[in-house]
Undergrad: 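Let me give you the structure first, and then I'll get to my questions.
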Amino acid sequence: MEENNVHSLIGTETVEPQRRPIRSLGALYVVMLVLVVGVIAAGNLLSAHWDVPRIFIQLTMYAILLALGWYVYRFYLTSFRYTLTDRMFAIERIVGRKQRADECVRLGEITRIQPFDGEKTEGVKVKNLSARAKKSSLAVTVRDAKGTRILLISPGDEFAGQLADQWKTARKK
């Protein structure tokens with residue numbers, strides 16, 4: 001006979017990045033368009049006035065545009081959903097309409113929950129699953145079959161309290 005595993009949902013929270021200078025996605029699109037046109041214009045200016053070989057200009061332009069695109073993707077468009085049940089903690093990455101499960105750990109595999117301190121991470125793999133800066137993130141240390149690793153998350157105060165309470169309860173079992 002199959003065993004039925006039922007998990008009780010305790011809480012879920014979606015955390016989006018803080019939009020500092022650019023508050024809307026429309027404004028972000030306009031800024032990106034202006035930057036792309038500006039990089040192309042600067043490349044054409046360098047090529048025309050200083051006789052810089054076109055191959056160097058194009059490689060530099062592509063590298064700048066690639067770095068700019070990655071920055072916008074990572075820090076403006078990526079949000080995270082944290083889900084807590086009575087036995088599991090799951091983290092999903094959300095970009096647009098696409099969702100991808102990044103981590104799913106048992107609460108019993110968590111060894112420590114504390115504010116992130118970069119000095120205490122020597123020799124341990126750190127996975128940034130936070131929508132905010134590292135210094136304001138919460139570090140969840142996990143020890144399982146994959147080894148010891150630190151998951152950086154950025155939940156709200158209420159969800160962080162629920163996670164800590166449920167983790168303490170799971171450790172006692």
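Just so you know, these numbers use all the heavy atoms, side chains as well, and skip hydrogens, waters and symmetry mates.
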Undergrad: Do Ile64 and Leu66 belong to the same hydrophobic cluster, where Ile, Leu, Val, Met, Phe, Trp and Tyr are linked whenever their side-chain heavy atoms lie under 4.5 Å apart, directly or via other members?
TA: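 Different clusters: Ile64 never reaches Leu66 through Ile, Leu, Val, Met, Phe, Trp or Tyr contacts under 4.5 Å.
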
Undergrad: If you group Ile, Leu, Val, Met, Phe, Trp and Tyr by side-chain heavy-atom gaps below 4.5 Å, do Leu84 and Leu9 land in one group?
TA: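 No, no single cluster joins them.
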
Undergrad: I want to check something: taking the side chain as every heavy atom from C-beta on, are Gln114 and Thr141 in contact at a cut-off of under 4.5 Å?
TA: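 No. Closest side-chain heavy atoms not under 4.5 Å.
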
Undergrad: Under the side-chain contact (heavy atoms from CB on, under 4.5 Å) test against Met32, which residue among Leu65, Leu68, Val37 passes?
TA: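 Answer after filtering Leu65, Leu68, Val37: Leu68.
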
Undergrad: Counting only N and O atoms by type, is there a donor-acceptor contact under 3.5 Å from the side chain of Tyr82 to the main-chain atoms of Gly11?
TA: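 Checking the backbone N and O of Gly11 against the side chain of Tyr82, no donor-acceptor pair under 3.5 Å is found.
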
Undergrad: Please report the closest heavy-atom contact between Ala170 and Leu107, naming both atoms and the distance.
TA: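 Here Ala170 and Leu107 meet closest at CB-CB, 3.6 Å.
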
Undergrad: Is the closest side-chain heavy-atom distance between Glu13 and Arg81 below 4.5 Å?
TA: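 Result no, sub-4.5 Å side-chain heavy-atom pair not found.
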
Undergrad: Look up atom CD in Glu109 and atom CH2 in Trp167, then write down how far apart they are to the nearest 0.5 Å.
TA: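 Reported value, rounded in 0.5 Å steps: 13.5 Å.
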
Undergrad: Looking at Asp157, I want to see if its CG is surrounded by more than 12 non-hydrogen atoms of other residues, nucleotides or ligands under 6.0 Å.
TA: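 No.
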
Undergrad: Would you say the side chain of Arg132 lies within less than 4.5 Å of the side chain of Val15, judging by non-hydrogen atoms?
TA: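 Sidechains of Arg132 and Val15: in contact.
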
Undergrad: Check Leu129 against Leu151 and note the closest heavy-atom contact, atom names and distance.
TA: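 Shortest heavy-atom separation between Leu129 and Leu151 comes out as CD1-CD2, 4.2 Å.
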
Undergrad: Please check if atom CZ in Arg143 has more than 12 non-hydrogen atoms from other residues, nucleotides or ligands closer than 6.0 Å.
TA: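 No, the 6.0 Å shell around CZ holds no more than 12 heavy atoms from other groups.
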
Undergrad: Just by distance, do the side chain of Ser47 and the backbone of Gly43 share a donor-acceptor pair under 3.5 Å?
TA: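 No; judged by distance alone, with no hydrogens or angles, the pair does not exist.
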
Undergrad: Can you name the nearest heavy-atom pair linking Val142 to Thr111, along with the distance?
TA: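 Heavy atoms of Val142 and Thr111 come nearest at N-OG1, 4.5 Å.
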
Undergrad: Give a yes or no on whether Leu138 and Phe89 share a hydrophobic cluster (residues Ile, Leu, Val, Met, Phe, Trp, Tyr; joining criterion: side-chain heavy atoms under 4.5 Å apart).
TA: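 Yes: a chain of side-chain contacts under 4.5 Å links Leu138 to Phe89.
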
Undergrad: Looking at every non-hydrogen atom in both residues, tell me the closest pair between Tyr73 and Thr78 and how far apart they are.
TA: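 Smallest heavy-atom distance, with atoms named: O-OG1, 2.7 Å.
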
Undergrad: Would you say Val39 ends up clustered with Tyr62 if hydrophobic residues are merged whenever their side chains have heavy atoms under 4.5 Å apart, either directly or through other cluster members?
TA: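 Looking at the clustering, Val39 is in a separate group from Tyr62.
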
Undergrad: To the nearest 0.5 angstrom, please state how far the NZ atom of Lys127 sits from the CD1 atom of Ile150.
TA: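 Interatomic distance, Lys127 NZ to Ile150 CD1, rounded to 0.5 Å: 14.0 Å.
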
Undergrad: With rounding to the nearest 0.5 angstrom, report the CD to CE distance, Glu103 to Met88.
TA: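 That separation rounds to 10.5 Å.
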
Undergrad: What's the spacing between Asp117 CG and Lys135 NZ if we round to 0.5 Å?
TA: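 Answer rounded to 0.5 Å: 13.5 Å.
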
Undergrad: Do Arg149 and Val140 have side chains that approach each other closer than 4.5 Å (heavy atoms only, starting at C-beta)?
TA: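 No, every pair of side-chain atoms sits at 4.5 Å or beyond.
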
Undergrad: Test side chain to side chain contact (heavy atoms under 4.5 Å, CB included) on Val105 and Ile91 and set out the steps.
TA: CA-CA 9 Å; Val105 296; Ile91 304 169; over 6 Å; no

Undergrad: Indicate if Ile113 and Ile10 have the same hydrophobic cluster label, given that clusters are the connected sets of ILVMFWY residues with side-chain heavy-atom separations under 4.5 angstrom.
TA: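 Yes, because Ile113 and Ile10 connect within a single hydrophobic cluster, where side-chain heavy atoms sit under 4.5 Å apart.
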
Undergrad: Between Phe80 and Arg93, what is the shortest heavy-atom contact and its length?
TA: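 Scanning both residues completely, I find the closest heavy atoms to be CZ-NH1, 3.8 Å.
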
Undergrad: With rounding to the nearest 0.5 angstrom, report the CD1 to CG distance, Ile110 to Leu163.
TA: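 Here the rounded value is 5.5 Å.
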
Undergrad: Mind listing the closest non-hydrogen atom pair of Phe159 and Thr12 along with its distance?
TA: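 Minimum heavy-atom separation between Phe159 and Thr12: CE1-N, 3.8 Å.
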
Undergrad: Distance-only, no hydrogens or angles: does the Ser8 side chain make a donor-acceptor pair with backbone N or O of Asp86 under 3.5 Å?
TA: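 Judged by distance alone, no pair lies under 3.5 Å.
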
Undergrad: Measure the CD1-CG distance between Ile40 and Leu35 for me, rounded to the nearest 0.5 Å.
TA: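 Nearest 0.5 Å value for the CD1-CG distance: 11.0 Å.
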
